[in-house]
Amino acid sequence: MDQKDFKIESLGEYFTKKFQVTLTQREPINHDSYLFRFDFKNPKERLGLQAVQHIKISGFNLKGEVVERAYTHVFEDDGYFQIPIKIYRPNVHPQFPNGGELTPWLEKLDLNSELTIKRCLGKLCYHNNQFIVRPKLNNTWSQFDTVLFICGGSGITPAYQLIQSICNNPNDNTKMVLLYANKTEQDIWLQKELNEFQAKHKDQFTVHFTIDKFDENWKGLKGHVNFEMMTSKFPKPTETTLGVLCGPKPMNKLVIYLYEQFGVKKDNIVKF
Ligand SMILES: Cc1cc2nc3c(=O)[nH]c(=O)nc-3n(C[C@H](O)[C@H](O)[C@H](O)COP(=O)(O)OP(=O)(O)OC[C@H]3O[C@@H](n4cnc5c(N)ncnc54)[C@H](O)[C@@H]3O)c2cc1C
């Protein structure tokens, strides 16, 4: 879909039609994650999504029931796209003996298998310096001077798309600050890419990493995201500050509360 053709109201089928792609590569990134590559049948086809729109992958859980989960590609070219996916394996976490429903299936799926996906509209649209918050309920474009991001683990992928789009748009001066939380340094996705964006767009984008387990060489923030981190790293919010979040469920609940305490307008808080 071309940027100039982007009109939400005319996109019904675009976001509901299911289609098949082929799993062609699954390269490990770290101890529990892979970069998956999916190929279209047509070598010229693309997902063609705007920043922050994702896809849903359908697969099966242990009981053989169909399950659908959301994923955000970090790279695409003619005929294929790539998504980093964290696997929630069984027998790793005592609270979740069966692991996740979909990702153990994705980890075992044979290469060259076909699987069903669909495109999704998502909770935020970005187009040329303008945003629509919750586009299923609202179709008003607004402008934000600052976007704050708080992400945990694999929740970085939708944020990364938006950061990439804003940094790559020379007409967009939106300021962005990202607070990215992980268990260990090894769990951080896209660290090099985020640091490169920061170096290249110093006046526009800042990233802060925080981890739970660290050694004496760690120079970043320590521990879970908290109010102090926000007050020390984020600019004071205004009417035109957007607060974005994407992480595991318990973290999201806390982050919404923290954003509100920090002073981000309730309507401007968006969970991907
Ligand atoms: C807009 C959006 C974009 C997303 N993009 C991506 C992406 O690009 N890449 C990506 O990897 N994910 C992404 N996600 C998350 C993804 O949609 C799934 O939630 C995730 O893959 C888990 O699916 P699942 O069916 O395997 O686990 P579920 O059955 O949904 O269970 C997941 C939850 O179970 C618990 N759990 C289960 N097993 C374990 C374990 N072994 N260790 C710790 N906790 C466990 C955790 O609380 C975990 O959050 C995105 C989510 C959204 C909303």
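As the structure is a computational prediction, the values presented were derived from the model and not from experiment. The first residue of the sequence shown is numbered 1, and numbering continues consecutively from there. Excluded from the calculations below are hydrogen atoms, water molecules and symmetry mates; all remaining heavy atoms, backbone and side chain alike, are included. Read the numbers this way: they start at 1 and go in the same order the structure lists the ligands and their atoms.
- Under the 4.5 Å side-chain criterion, counting only non-hydrogen atoms from C-beta, H208 is in contact with V177.
- Residue pairs satisfying the ring-ring contact (aromatic ring centres under 6.0 Å, His included) criterion with at least one member in residues 57-87, sequence neighbours excluded, are listed as follows: F38-F81, F40-F81, F60-W105.
- Among residue pairs with one or both ends in residues 62-82, those qualifying as salt bridge (charged side-chain N to carboxylate O under 4.0 Å, His left out) are K18-E68, K44-D78, R46-D77, R46-D78, R69-E101; sequence neighbours excluded.
- Every protein residue with a heavy atom nearer than 4.0 Å to ligand 1 is included here: H54, R69, A70, Y71, T72, I83, P84, I85, K86, Y88, R89, V92, H93, F96, G99, G100, E101, L102, T103, S154, T157, W189, F272.
- Partner of D145 under the side-chain hydrogen bond (donor to acceptor under 3.5 Å, both in side chains) criterion, chosen from T240, T174, N173, T238: T240.
- With no hydrogens or angles considered, no side-chain donor-acceptor pair links D110 and S113 at under 3.5 Å.
- For F131, the ring-ring contact (aromatic ring centres under 6.0 Å, His included) criterion is met by Y126, F144, not counting sequence neighbours.
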